[in-house]
Amino acid sequence: MSPSPSTNTRKQQASGTVVRRQHTISLLVENKFGAFNRIAGLFAAKGYNIESLSVGPTEEEDVSRMTIVTEGDDPIIEQITKQLHKLIDTIKVVDLTYDSFVERELVLIKVQTSTATRSEIMQIAEIFRAKVVDISPRTLTLEATGSGQKVDAIIKMLKPFAIKEIARTGRVALKREFQGDV
Amino acid sequence: MTPHTRSEGKTAPGSMMTGAEIFVRSLVAEKVEVVFGYPGGATIGVYDALHDISDIRHVLTRHEQGAAHAAEGYAKATGKPGVVLVTSGPGATNTVTGIADAYMDSIPLVVFTGQVALHMIGNDAFQEADIAGITRPITKHNYIVRDVAELAKTIKEAFYIATSGRPGPVLVDLPKDVMAQKAPFQYPSTVSLRSYNPIVEGHEKQIKKAANIINEATRPVLYAGGGVIHSGAAAELTAFARKLGCPVTTTLHGLGAFPETDPLALGMLGMHGTWYSNMAVHGCDVLIAVGARFDDRVTGNVEQFAPDATIVHIDIDPSAISKNVRVDVPIVGDVKNVLGNLINHVHPLRTEDWRNTIAVWQREHPLRYQAGSALRAQQVFQQLGQLTGGDAIIVTDVGQHQMWAAQFFTWTQPRTHITSGGLGTMGFSLPAAMGAAFGRTDMPIISISGDGGFQMNSQELTTIVQHRLPIKIFVINNGFLGMVRQWQELFWRRRYSQVEMASPDFVKLAEAHGCPASRATTPEEASVEMERALAHTDGPIFVEFVVAQEDNVYPMIPGGQSVNEMLDTPIDPDGGSITIQPKGSHALPRKDAHVPVTVH
Ligand SMILES: Cc1cc2nc3c(=O)[nH]c(=O)nc-3n(C[C@H](O)[C@H](O)[C@H](O)COP(=O)(O)OP(=O)(O)OC[C@H]3O[C@@H](n4cnc5c(N)ncnc54)[C@H](O)[C@@H]3O)c2cc1C
Ligand SMILES: Cc1ncc(C[n+]2csc(CCOP(=O)(O)OP(=O)(O)O)c2C)c(N)n1
């Protein structure tokens with residue numbers, strides 16, 4: 001050991017990859033004033049990315065479930081889950097990405113129609129098992145549910161007909177209990 | 001005070017009380033001794049209830065920022081939570097800097113803010129500010145009390161959250177109408193939160209894994225931080241290091257966690273740490289981080305931080321693990337608990353060669369300064385260490401003097417060093433020293449500021465004089481915002497932009513507040529004034545030390561760089577005599593420091 005500085009550099013640990021990927025994080029939080037702000041604020045303050053965030057009540061009256069879709073490399077995701085857990089109102093944090101999970105998203109799509117295009121739009125809706133929830137002489141509003149990919153696909157198919165407005169819920173997800181084929 | 005004289009005993013449990021009364025009874029039940037605050041419209045009812053209570057001392061600061069820093073100083077000096085009470089709007093926003101400071105440095109505070117009545121919230125009512133929203137990212141948790149029946153439970157939770165796990169500030173917002181409503185009062189005896197259960201005991205498997213790695217080490221270093229002090233684990237750390245024969249370096253917040261008079265002590269590491277502690281960390285094969293958070297002022301360039309080391313990290317906060325530097329063996333738990341267990345699994349190491357290597361660095365690159373014509377801040381801190389033998393609570397501000405104090409004072413006991421590290425808040429020292437003085441009377445308390453920082457909260461001089469607090473108030477006057485000037489000198493081609501500081505006559509200023517004051521401009525005068533100040537116990541005393549204007553703090557690792565770029569104290573071969581401040585067995589020539597080493 002000579003008394004001069006080593007020129008080695010610190011090796012990144014092998015276990016952590018630096019590949020960015022999408023993660024679906026499910027959390028249970030106390031249904032208390034400010035809890036939602038605290039979580040949204042955490043993402044903003046730390047500069048973490050949010051692709052979607054959905055929140056709603058659960059089977060327990062005072063507990064809400066949030067489903068957050070985010071993107072990052074392993075060290076960032078590790079920090080996100082730890083930081084979420086650190087919030088006093090957070091009861092449980094699960095990164096579903098490593099498990100098999102069911103996911104759904106709901107979308108409302110208002111498309112411009114004319115007598116010429118209406119039946120073609122209805123056909124597309126049928127293929128995606130989408131429902132017509134509102135109709136007017138010039139528009140048709142469809143409701144579709146499914147995975148994010150399915151929602152993306154129906155939007156893509158309807159684009160040529162001039163979509164006037166879209167409202168998406170963002171992903172909700174639960175861990176799959178039956179791990180075989182469904 | 002004996003328990004039966006406390007007011008909580010006077011009222012039957014369950015009797016109806018207003019929110020304001022419940023608030024006061026709850027503080028009594030929490031055994032709060034002192035509240036730092038400032039009244040206003042939204043808290044007038046609370047202050048009315050406080051008026052009847054003799055168990056709690058209320059200190060009227062001269063600014064709410066002063067109240068928040070005072071509570072921090074009290075908490076750091078005593079280990080108990082600091083309590084603040086302010087009004088809504090501007091009263092609340094004035095505490096924000098102190099809350100952010102406490103959050104960064106993990107200091108337990110409970111801050112009560114007045115708020116407009118519930119039905120007025122959101123209306124831009126007079127003196128309304130969304131303080132819960134403003135402080136959400138800088139508190140460990142916060143509350144708006146919406147129902148008087150929830151008040152006592154909320155206060156109980158606030159104290160529990162602030163003081164358990166990784167400590168931090170908790171804010172409780174008190175709407176005016178809620179505080180006037182009535183509810184039966186019974187202070188809860190326990191708290192249970194399903195969503196918050198800090199881990200205290202380290203995982204047995206991780207402890208064994210860490211022990212196996214430590215037992216193989218030939219070049220180990222302990223890197224101890226503020227967590228050791230929060231945990232009350234200085235004795236455990238000392239016993240652990242001595243058993244292993246492992247050198248110890250501490251962070252700015254770890255100073256006092258290990259006696260610098262011990263032969264294993266290396267002093268502080270990091271940007272302005274000792275040359276040899278930075279070299280030791282760089283060269284070590286096992287780094288044991290204890291209650292420290294790998295701050296960028298410590299690591300510099302993380303890729304070159306401890307490049308050859310296997311890192312063990314003990315921390316109570318899981319999110320502190322692998323945040324900045326990936327660690328090999330994390331142990332989540334309380335330091336006192338984990339070290340108390342780990343010590344049984346490790347055996348003495350053969351570190352003679354390693355310690356000899358470090359001794360060479362210590363000989364060749366000690367902390368030192370070269371005498372010039374002017375008085376030097378380094379001398380002031382070195383002498384302060386010698387005159388007090390380390391038996392003093394030193395409360396520093398932010399800047400060059402803060403770093404020189406960290407380097408040249410000899411730290412021997414926990415809770416004797418109080419400073420703003422994470423946020424680096426100028427104006428911290430004077431109010432924090434005041435808070436410390438309300439909690440500790442066993443040691444002299446010394447507030448040290450630069451000429452810039454002192455002017456940021458000098459209004460608290462009046463509060464200190466009013467309460468005759470025996471604080472020694474030192475201002476190190478270099479005529480500059482010294483730390484910024486140093487950076488401009490070294491990295492911005494000496495272009496001194498807005499760092500020259502015009503100051504009032506500090507001696508007259510102190511005297512105008514009713515505080516005896518003097519000025520020292522030479523090394524001889526400095527010694528005389530310091531001895532006089534230390535002998536003065538009847539109320540505060542002020543000394544201005546007029547020091548060299550363009551002096552720099554060394555060693556220095558420029559921001560984001562590594563030990564390879566470390567700058568040592570420049571020495572002029574034809575210059576004045578060189579004074580060294582050793583760390584280790586020769587650190588204190590005068591009085592021997594005493595840290596009781598007992599492990600339970
Ligand atoms: C001008 C300036 C220069 C500075 N230069 C330096 C420098 O050269 N060197 C330096 O070290 N610092 C320096 N600092 C301070 C620096 O910015 C950080 O504040 C400091 O390094 C953090 O200290 P720490 O790692 O001990 O962590 P702290 O902020 O004290 O945090 C404590 C850690 O311990 C954990 N903890 C708390 N309680 C427990 C418990 N009971 N059990 C287990 N773990 C616990 C916490 O989770 C946290 O991770 C400087 C600051 C300023 C303003
Ligand atoms: C509130 C605040 N504003 C600005 C800074 C940036 N800053 C860091 S050190 C420093 C200079 C401090 O000067 P002084 O108080 O005279 O102390 P010295 O460095 O000369 O010892 C400044 C301006 C800060 N840390 N805090």
Side-chain angles (χ1 to χ4, degrees), chain A residues 1-18 27-48 58 60-66 72-93, chain B residues 132-133 136-144 146 157 161 165-166 170 193-196 198 218-219 276 278-279 282-285 299 301-309 311 317-328 353-354 356-361 363-365 562-566:
Chain A
M1 183 68 214
S2 77
S4 65
S6 142
T7 52
N8 291 353
T9 59
R10 197 161 176 79
K11 56 228 173 268
Q12 273 290 321
Q13 246 191 8
S15 64
T17 69
V18 287
L27 50 159
L28 293 175
V29 296
E30 296 284 359
N31 183 10
K32 282 191 186 150
F33 184 82
F36 175 77
N37 279 335
R38 217 167 255 125
I39 287 165
L42 176 75
F43 275 76
K46 306 254 173 195
Y48 304 143
T58 62
E60 274 182 78
E61 194 188 345
D62 47 0
V63 177
S64 305
R65 182 182 295 279
M66 285 195 193
D73 57 27
D74 287 356
I76 289 191
I77 299 294
E78 183 181 327
Q79 263 303 308
I80 292 177
T81 48
K82 283 176 173 174
Q83 292 290 344
L84 286 171
H85 202 82
K86 189 169 163 178
L87 298 173
I88 305 292
D89 287 335
T90 308
I91 301 164
K92 195 174 173 192
V93 184
Chain B
R136 210 163 271 137
I138 52 167
T139 47
K140 187 170 171 187
H141 198 56
N142 65 23
Y143 297 88
I144 301 174
R146 289 168 178 277
E157 284 181 15
I161 291 170
R166 180 177 183 164
V170 176
L193 291 164
R194 62 176 157 186
S195 56
Y196 173 73
T218 56
R219 306 190 311 272
Y276 37 92
N278 286 324
M279 291 297 287
H282 196 80
C284 69
D285 64 350
T299 61
N301 178 351
V302 288
E303 295 206 339
Q304 283 172 49
F305 180 73
D308 301 329
I311 303 181
D317 176 4
S319 78
I321 306 267
S322 292
K323 185 166 72 183
N324 303 331
V325 171
R326 280 210 80 77
V327 302
D328 302 282
D353 287 354
W354 174 228
N356 287 337
T357 304
I358 294 174
V360 174
W361 290 324
R363 257 199 317 280
E364 291 177 356
H365 300 275
S562 74
V563 287
N564 299 295
E565 289 85 26
M566 184 159 50

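First the proteins, then the strands, lettered A, B, ... as listed; each starts at 1. All values below were derived from every heavy atom in this structure, side-chain atoms included, with hydrogens, water molecules and symmetry-related copies excluded.
- For Ile358(B), no part lies under 4.5 angstrom from a heavy atom of chain A.
- In this view, Ile76(A) and Tyr48(A), Asp73(A), Ile80(A) satisfy the side-chain contact (heavy atoms from CB on, under 4.5 Å) rule, not counting sequence neighbours.
- Using a 4.5 Å cut-off between heavy atoms, Asp317(B) touches chain A through its side chain atoms alone.
- Ranking Gln83(A), Lys46(A), Glu30(A) against chain B, the residue ahead of the rest is Glu30(A), based on heavy-atom pairs under 4.5 Å.
- Considering His141(B), Glu157(B), Lys140(B) as possible partners of Tyr196(B), the one that fulfils the side chain to side chain donor-acceptor pair (under 3.5 Å) test is Lys140(B).
- Heavy atoms of other residues, nucleotides or ligands lying less than 6.0 angstrom from CG of Asp353(B) number 12 at most.
- Checked against ring-ring contact (aromatic ring centres under 6.0 Å, His included), Tyr276(B) has no partners two or more places apart in sequence or in another chain.
- Contacts between Val302(B) and chain A at a heavy-atom distance below 4.5 Å involve the backbone alone (N, CA, C, O).
- Residues Leu84(A) and Phe43(A) form a side-chain contact, since some pair of their non-hydrogen atoms from C-beta on lies under 4.5 Å apart.
- Your options are Lys86(A), Lys82(A), Gln79(A), Arg38(A), and the one with the most heavy-atom pairs under 4.5 Å with chain B is Arg38(A).
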